Structure formats: C-alpha cells, structure tokens
Amino acid sequence: MAMYIRVKRNKTTYFLQCDPTETVLNIKQKLHSLIDQPVNDQRLILVSTNEVLDDLKTLADQKVENDSIVALTLRKEDNEFEDVNIVRPDDFYHSRDSEWSS
C-alpha cells in the first residue's frame, strides 16, 4: 500500500512515495539521491512525537503514517546533528505582519 510522507528541512519539503514496510534506511537512501547527503549524515525525526526514527525499523513499526511530517537534520562538522529547523507558514505570516506594521 503506497503512502506519502513529507520530509521537511528549513524551508524545503520533499514529498516521498513510500511503503509502510520500508525501513527508515530506505527512506534515507531515497533522500540521498535528492540532496546528495550520505545516509549516515541524515537524521529523521517524526514531528508528531519528536522521536528520532530508527534506521532498521519500518515506518509502520514507528507509527509513521500516510502524510506524516518528518524533520530532516544533517550532521554538522563537529559530528553533532543540527537542531530541527522547519519554517511553518504561520511563522512566515507573523514575521511579515510585524514588518508591515512598523
């Protein structure tokens, strides 16, 4: 049964077609072809629970459902992962409103 997940990083959203039986590692390999970042330098976090997804488990095992939002963070030079940084539409409108009101 095909499904879609939304992988978000900063202002970018990737819509990936996948299957609930796919592992997170498979998803990272799909992302690798899109963003040219090695799978070991990617970390995926399920936004609804804020849990880091395990590479060896399937999407279904980790309650990733159709149209789930997953945050993508990348490994920095100091070997730590960056913080989740997802721009939400509300953030954009609030910052724009404040600029216009000044």
Side-chain angles (χ1 to χ4, degrees):
M1 179 180 105
M3 64 181 218
Y4 288 89
I5 60 172
R6 290 183 274 172
V7 180
K8 295 185 168 229
R9 179 171 183 268
N10 300 330
K11 296 178 182 179
T12 305
T13 302
Y14 302 96
F15 292 87
L16 295 182
Q17 183 176 357
C18 50
D19 193 273
T21 59
E22 283 187 70
T23 64
V24 171
L25 187 58
N26 287 82
I27 302 304
K28 287 182 176 183
Q29 288 166 338
K30 287 181 181 184
L31 284 167
H32 172 65
S33 66
L34 294 171
I35 62 171
D36 200 30
Q37 289 288 329
V39 294
N40 291 340
D41 291 345
Q42 301 175 33
R43 182 167 65 180
L44 297 176
I45 300 164
L46 184 59
V47 171
S48 61
T49 61
N50 215 26
E51 288 184 37
V52 175
L53 298 177
D54 185 322
D55 285 357
L56 302 178
K57 291 184 179 176
T58 67
L59 296 174
D61 288 342
Q62 298 178 87
K63 311 276 189 279
V64 179
E65 299 172 346
N66 188 43
D67 205 31
S68 287
I69 299 173
V70 178
L72 168 65
T73 62
L74 301 177
R75 190 180 308 274
K76 300 184 293 186
E77 288 181 19
D78 63 4
N79 222 27
E80 295 294 316
F81 280 96
E82 61 194 9
D83 293 331
V84 172
N85 182 11
I86 298 174
V87 176
R88 293 176 173 83
D90 290 349
D91 297 342
F92 175 72
Y93 292 119
H94 291 304
S95 64
R96 203 168 80 186
D97 290 346
S98 57
E99 286 174 19
W100 287 348
S101 62
S102 37

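Given the structure is predicted, the values throughout are model-derived calculations rather than measurements.
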### Message
Side chains of Leu16 and Tyr4, heavy atoms from C-beta outward: is any pair under 4.5 Å?
### Response
no

### Query
Val24 versus Leu59: any side-chain heavy-atom pair under 4.5 Å?
yes

#### Entry: Val64 vs Met3, side-chain contact (heavy atoms from CB on, under 4.5 Å): CA-CA, chis, key distance, verdict
CA-CA 10 Å; Val64 179; Met3 64 181 218; 4.3 Å; yes

### Query
So do the side chains of Cys18 and Ile5 get within less than 4.5 Å of each other, counting heavy atoms only?
yes

### Message
With a 3.5 Å distance limit and no angle check, can you tell me whether Glu51 reaches the backbone of Leu46 through a side-chain donor-acceptor pair?
### Response
no

### Task
State, with a plain yes or no, whether a side-chain heavy atom of Val52 is found less than 4.5 Å away from one of Phe81.
no

### Query
How far apart are the closest heavy atoms of Gln42 and His32, and which atoms are they?
NE2-N, 3.7 Å

### Query
Between Thr73 and Val84, is any pair of side-chain heavy atoms under 4.5 Å apart?
yes

### Query
About how many Å separate CZ of Arg6 and CG of Asn66, when rounded to the nearest 0.5 Å?
9.5 Å

### Query
Looking at CG of Leu31 and CG of Asn26, how far apart are the two atoms once the value is rounded to the nearest 0.5 Å?
11.0 Å

### Message
Which residue is it: Leu53, Asn50, Val70, Ile86? I am looking for the one with a side chain to side chain contact (heavy atoms under 4.5 Å, CB included) to Ile45.
### Response
Asn50

#### Entry: For Lys28, the option from Val7, Val39, Leu72 that meets side chain to side chain contact (heavy atoms under 4.5 Å, CB included)
Val39

## Note on the structure
Here the gap from Arg9 atom CZ to Leu44 atom CG, rounded to the nearest 0.5 Å, amounts to 12.0 Å

#### Entry: More than 12 heavy atoms of other groups within 6.0 Å of Lys63 NZ
no

### Gln62 (side chain) donor-acceptor with Asp54 (main chain) under 3.5 angstrom
yes

### Query
About how many Å separate CD of Glu22 and CD1 of Ile27, when rounded to the nearest 0.5 Å?
4.5 Å

